[in-house]
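Convention: sequence-line order gives letters A, B, ...; per-chain numbering from 1.
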Amino acid sequence: MSNSKLYKGSLTTIILKLLNEHDKMYGYEITQKVKELTKGELKITEGALYPALHKLEAEGLLDVEVAKVDNRLRKYYKLTETGTKETVNKLEELAEYIKTMQALVNPKLA
Amino acid sequence: MKLSKADIQFIDTYLENSDVVYADIRMEMVDHVASDIENRMEAGDTRSFYEVFKTYMVENKAQLLKDNKQFLKSADKKIWKTFLKELKNPITPLLYVISCVGFYMLHQNFSLETSRLCLSIVPLVGFTGFIFTYVVYQSVKDNKRFSVVERLAFPFLALYQLPNIFLNNTKELSETSDLFWTIGGASLALTLVLILVIISIKLFKNYERQYKTLA
C-alpha cells in the first residue's frame, strides 16, 4: 500500500466495523478480511493489529473467547454492548471526516 | 491443509525459545503463524511444513519479537487502565474515608509507633498475598506464565514503597495539620493498595475465564 499512514488513524474503526458485521473474529482472520475487501491495497501488520485489539479489549469494547481450533488455541474477539454503541459513533466520526476531506480536496463533489 | 499437533508444538517451542515466555501472548502468536503457514500451503506452496516455517521466520521473526514487546506494553496498559477505572468506582472514596477514620482511631488509642507499624505491615501483607496467590495460580496452571498476572507485581512493588513516603515524613505529630496530612496520606496509600488487590482478583478471574483451556 502506498501510504499506510493515512489509514493508521482509522484502524480502530476498521476493526470495530468488521466485528460488527461478524459474530466473532480472530487476529489473522481480520488481516485477511481487510486485505480481501481492499483488494490487497491495505495490509494490516500484526504489529499494528494486536496492540489495537488489546487496547479495545482493555477499554471494554471487545470481549475475548478462547477456543480450541485445528490443534491449537485461538483467541476470538467480539463486540461488547458498549463496543456496538461505540462502533456507531466511530463510523459517524469517520463519515464526517471523509466529508470534510472531500470538501477540502474536491469541493465540487462535497 | 491443516497443521498437525506436532507442527503446532514445534512453533510453540520455537517461540518460547525466542523469549516469548508468556503463554497467553504465545498462544495468539502461534495461531497467527500457523494460520499464515496454512494459508501459504493452501495457496500452492508444496514444500514441507519445516521449509515453509523457515521461510516465514526469515521474513517475520524480527517483527514477531518486536510484537512481543508490544504485547507486554499492552499488558501493562491493561493493568493501569483497570486500576484507573476502579479508582472511579464509588467504593474508592468509601475505602478512603474508612481508612481515615480507622487511622484516626488508631492514633487516638495507640502510640504513634504502633500506628506506624500497622501502616507499614499493610503493603507487605498485600504483596505477600499477591505472591502466594501467584504461586498457587502457577502450580494450578502447570507453571505456565501469563503476562498480565505476572506483571501485576510491578504496581504492587511500586505501591509497597508509597506508605514509606508518609511514614518518613512523620517525625513529630505535634501539629494538627501534620496529623491530618499523615492520616490523609497513609489512608490514600492504603486505599490504593486495596484497589490493587481488588483489580488483581478481577484480572485473575478474567484470565481464569478466558484461558481455562490453557491449563
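Residue B/Gln9: no heavy atom, backbone or side chain, is found under 4.5 Å from chain A. The part of B/Leu64 that comes within reach of chain A is its side chain, from C-beta onward, which places non-hydrogen atoms under 4.5 angstrom from that chain. For chain A, the nearby parts of B/Asp31 are the backbone and the side chain; heavy atoms of each come within less than 4.5 Å. Looking at B/Ser35, both its backbone and its side chain come within 4.5 Å of chain A, counting heavy atoms on both sides. With a threshold of 4.5 angstrom between heavy atoms, B/Lys2 approaches chain A through side-chain atoms but not through N, CA, C or O. For a residue to count as touching a neighbouring chain, one of its non-hydrogen atoms must lie under 4.5 Å from one of that chain's; by this rule A/Glu65 does not touch chain B. For A/Glu29, no part sits under 4.5 Å from any heavy atom of chain B, backbone or side chain.
Inspection of the A/Glu93 and A/Asn89 side chains reveals no N or O donor paired with an N or O acceptor under 3.5 Å.
By number of non-hydrogen pairs under 4.5 angstrom with chain A, the leading residue of B/Asp7, B/Leu3, B/Ile11, B/Asn39 is B/Asn39.
Salt-bridge check for B/Asp76 with B/Arg151: passed, with a basic side-chain N closer than 4.0 Å to an acidic carboxylate O.
Note: A/Leu16 CG to A/Leu11 CG = 9.5 Å, rounded to the nearest 0.5 Å.
When side chains are defined from C-beta on, B/Met57 counts as touching B/Leu15, because their heavy atoms get closer than 4.5 Å. Between B/Leu152 and B/Phe204 the shortest side-chain heavy-atom distance falls below 4.5 Å.
Taking the salt bridge (Lys or Arg N to Asp or Glu O under 4.0 Å) definition, one finds that A/Glu57 meets it with A/Lys75, B/Lys78, sequence neighbours left out.
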